[in-house]
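Worksheet: the structure to be examined is printed underneath.
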2 protein chains.
Amino acid sequence: MNVRQKPERTRLSAEDWEDAALNLIAEQGVGALAVEALARQLGVTKGSFYWHFRTREALLQAALERWEQYGEREIISQIEAIPDPRERLPELFRRVAHELHPHRVYAALLKALDHPLVVPVMARVSKRRTEFLHTAYSEAGLEAEEALNRARLTYAAYVGFLQLNFTLGLPRLSHEEFDAYVEHMIATLIPA
Amino acid sequence: MNVRQKPERTRLSAEDWEDAALNLIAEQGVGALAVEALARQLGVTKGSFYWHFRTREALLQAALERWEQYGEREIISQIEAIPDPRERLPELFRRVAHELHPHRVYAALLKALDHPLVVPVMARVSKRRTEFLHTAYSEAGLEAEEALNRARLTYAAYVGFLQLNFTLGLPRLSHEEFDAYVEHMIATLIPA
DNA sequence: GCGATTCCATACGGGCGAGTATGGATTGCG
DNA sequence: CGCAATCCATACTCGCCCGTATGGAATCGC
């Protein structure tokens, strides 16, 4: 903990602040996003911050936009590259299940749904992902109505799982238990 | 808005404060729980508050305990009263789906998982409910391992749905769409 | 009805963190 | 090299809200 990536990074850019903000959010939540704290962590003072950003909210906004931009790109394209549509969903499940850092941020944002700024971002992201699932289920053979509801159900299960196991450290699943759970999801949610 | 239940309730008890706190939490989230605001809303001043409670956190704690106590009691017992185990889960789904106020509080607490005080409460509640689902699935015919994972999946789907549709006002389902979604859940998650 | 207890109002102290002002250091550029 | 733009430090102000201190009003017990 408390390690600076580069001990002396004599000059900072707005992007540096945004990245640092996202990291801090991932570790301590949106509520902990304070400019003096961030400044300390970056080895500078407020003076620097208020040169790059007009306000604290502006940083949050920028950081969220940044996150929304460079969020899922790769995974989606990787999945779409799989030729057989029926193999895509299981592969998606397993791949997503073994991610970590993206989930941290998403979970942190999930428990910061108080804040008005994060709501629209999360809404957009969730919408896009649900739509992706929707078409995936359609291509896997479900008919329209059913595919949509299954997509909703799947994404809800994903979001809920993050809350229960990430934020609340609820069942504390072992590696094997977790894998078994994922396989159970696949068996239950994906048509044979 | 801003209606006092009883215009003049000349004297207040600790329970009154706790109820008011829960209502405020349900409407505006845990973050909005400020003693002066609450006092205004109750038509008194801080002086009153600090006679009943040692601190703001103490109120939150008390309110959460109160909520945890009188939370689900009735529904669970009603469900357990259903003779045929295979009818319990569908009935549970449909009943829960048509609640409202309890979900408000739960959703508000869900997006306040930042706060250290709410985490253990939510953990306990979620654990109990998942266990309830676990036995229900067992009684409905699933074997041990599968029943547990199905319970986790079901509760995760519930939690996620609250987040997506309550907090984010995401798909804005119509009445019919919502019912269709619930039936889809039943068809997908509950063994035939 | 009268003192003691319970409940509440008013006024103040103080911390925490956002935002401002201003001058100094560093870097790019002619 | 030297000037301008860029980046940062220091030292404030200010608002918000928790908590405290103390006196006054309402209510209960005898």
Side-chain angles (χ1 to χ4, degrees), chain A residues 2 4-25 27-66 108 111-112 114-118, chain B residues 2 4-25 27-64 66 108 112 114-118:
Chain A
N2 279 349
R4 314 206 187 326
Q5 299 89 323
K6 308 280 178 182
E8 307 306 331
R9 210 201 169 313
T10 27
R11 231 72 193 265
L12 292 176
S13 71
E15 286 76 20
D16 294 327
W17 285 94
E18 295 168 12
D19 284 340
L22 281 177
N23 285 333
L24 203 161
I25 288 175
E27 290 168 13
Q28 311 198 35
V30 175
L33 187 61
V35 330
E36 302 196 71
L38 246 195
R40 259 193 308 278
Q41 184 178 320
L42 284 173
V44 291
T45 66
K46 301 164 56 158
S48 170
F49 176 85
Y50 283 100
W51 191 91
H52 294 284
F53 297 92
R54 232 173 41 75
T55 166
R56 192 203 98 128
E57 299 260 294
L59 169 64
L60 218 199
Q61 183 110 36
L64 289 177
E65 278 177 15
R66 189 174 182 77
K111 57 179 193 178
D114 288 64
H115 201 108
L117 279 182
V118 326
Chain B
N2 279 348
R4 315 209 186 323
Q5 299 88 324
K6 309 281 179 181
E8 306 306 332
R9 211 199 168 314
T10 28
R11 231 73 193 265
L12 292 176
S13 70
E15 286 77 20
D16 293 326
W17 285 94
E18 295 168 11
D19 285 340
L22 281 177
N23 285 333
L24 203 160
I25 288 174
E27 290 168 12
Q28 312 198 35
V30 175
L33 186 61
V35 331
E36 303 195 71
L38 246 195
R40 261 194 307 278
Q41 184 176 321
L42 286 173
V44 291
T45 65
K46 300 165 55 160
S48 169
F49 177 86
Y50 283 101
W51 192 91
H52 293 285
F53 298 92
R54 233 173 40 76
T55 167
R56 191 204 100 126
E57 299 259 295
L59 169 65
L60 217 199
Q61 181 111 35
L64 289 177
R66 188 176 183 74
D114 286 64
H115 201 108
L117 279 182
V118 327

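Here is the naming used below: chain letters follow the sequence lines, and residue numbers restart at 1 for every chain.
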| said: As an exercise, state the distance from CG of B/N23 to CG of B/L38, rounded to the nearest 0.5 Å. | reply: 9.5 Å

| query | Starting at CG of A/L60 and ending at C1' of C/dA18, how long is that distance when rounded to a whole Å? | reply | 14 Å

| query | Just how far is it from atom CG of A/L59 to atom CG of A/L64, taken to the nearest 0.5 Å? | reply | 9.0 Å

| Closest to the B/R11 side chain: D/dT6, D/dA26, C/dA9? | D/dA26

| Terminal helix-axis angle for the helix from C/dG1-D/dC30 to C/dG30-D/dC1, with five pairs defining each axis and rounding to 10 degrees | 10°

| field | Side-chain heavy atoms of B/W17 within contact of B/V44, under 4.5 Å | value | yes

| field | Closest non-hydrogen atom pair between A/A112 and A/V118, with its separation | value | O-CG2, 3.2 Å

| query | To the nearest Å, how far apart are B/L24 CG and D/dC17 P? | reply | 12 Å

| message | Looking only at the side chains, is there a donor atom on one of A/E18 and A/H52 sitting less than 3.5 Å from an acceptor on the other? | response | no

| request: Could you tell me the separation between the CG atom of B/L42 and the P atom of C/dA9, rounded to a whole number of Å? | output: 11 Å

| field | Check ion pair B/R11-B/D16 (N to O, under 4.0 angstrom) | value | no

| request: Quickly work out the A/W17 CH2 to D/dT6 C1' distance and round it to whole Å. | output: 15 Å

| field | Protein-nucleotide distance (B/L12, atom CG; D/dA26, atom P), rounded to Å | value | 15 Å

| message | If you compare all heavy atoms of A/L24 against all heavy atoms of A/Q41, which two are closest, and at what distance to 0.1 Å? | response | CD1-OE1, 3.7 Å

| query | CG of A/L60 to CD of A/E65: how many Å apart, nearest 0.5 Å? | reply | 11.0 Å

| If you measure from CD1 on A/I25 to NZ on A/K111, what distance do you get to the nearest 0.5 Å? | 11.5 Å

| In Å, rounded to the nearest 0.5 Å, how long is the span from NZ of A/K46 to CZ of A/R40? | 10.5 Å

| Looking at OG1 of B/T45 and CD of B/E36, how far apart are the two atoms once the value is rounded to the nearest 0.5 Å? | 9.0 Å

| query | What integer distance in Å separates B/R40:CZ from C/dA9:C1'? | reply | 15 Å

Protein N or O to nucleotides 10-14 of chain D N or O, pairs below 3.5 Å:
none

| Does any residue of residues 48-59 of chain B have a heavy atom under 4.0 Å from DNA chain D, and if so, which ones, in number order? | B/Y50, B/T55, B/R56

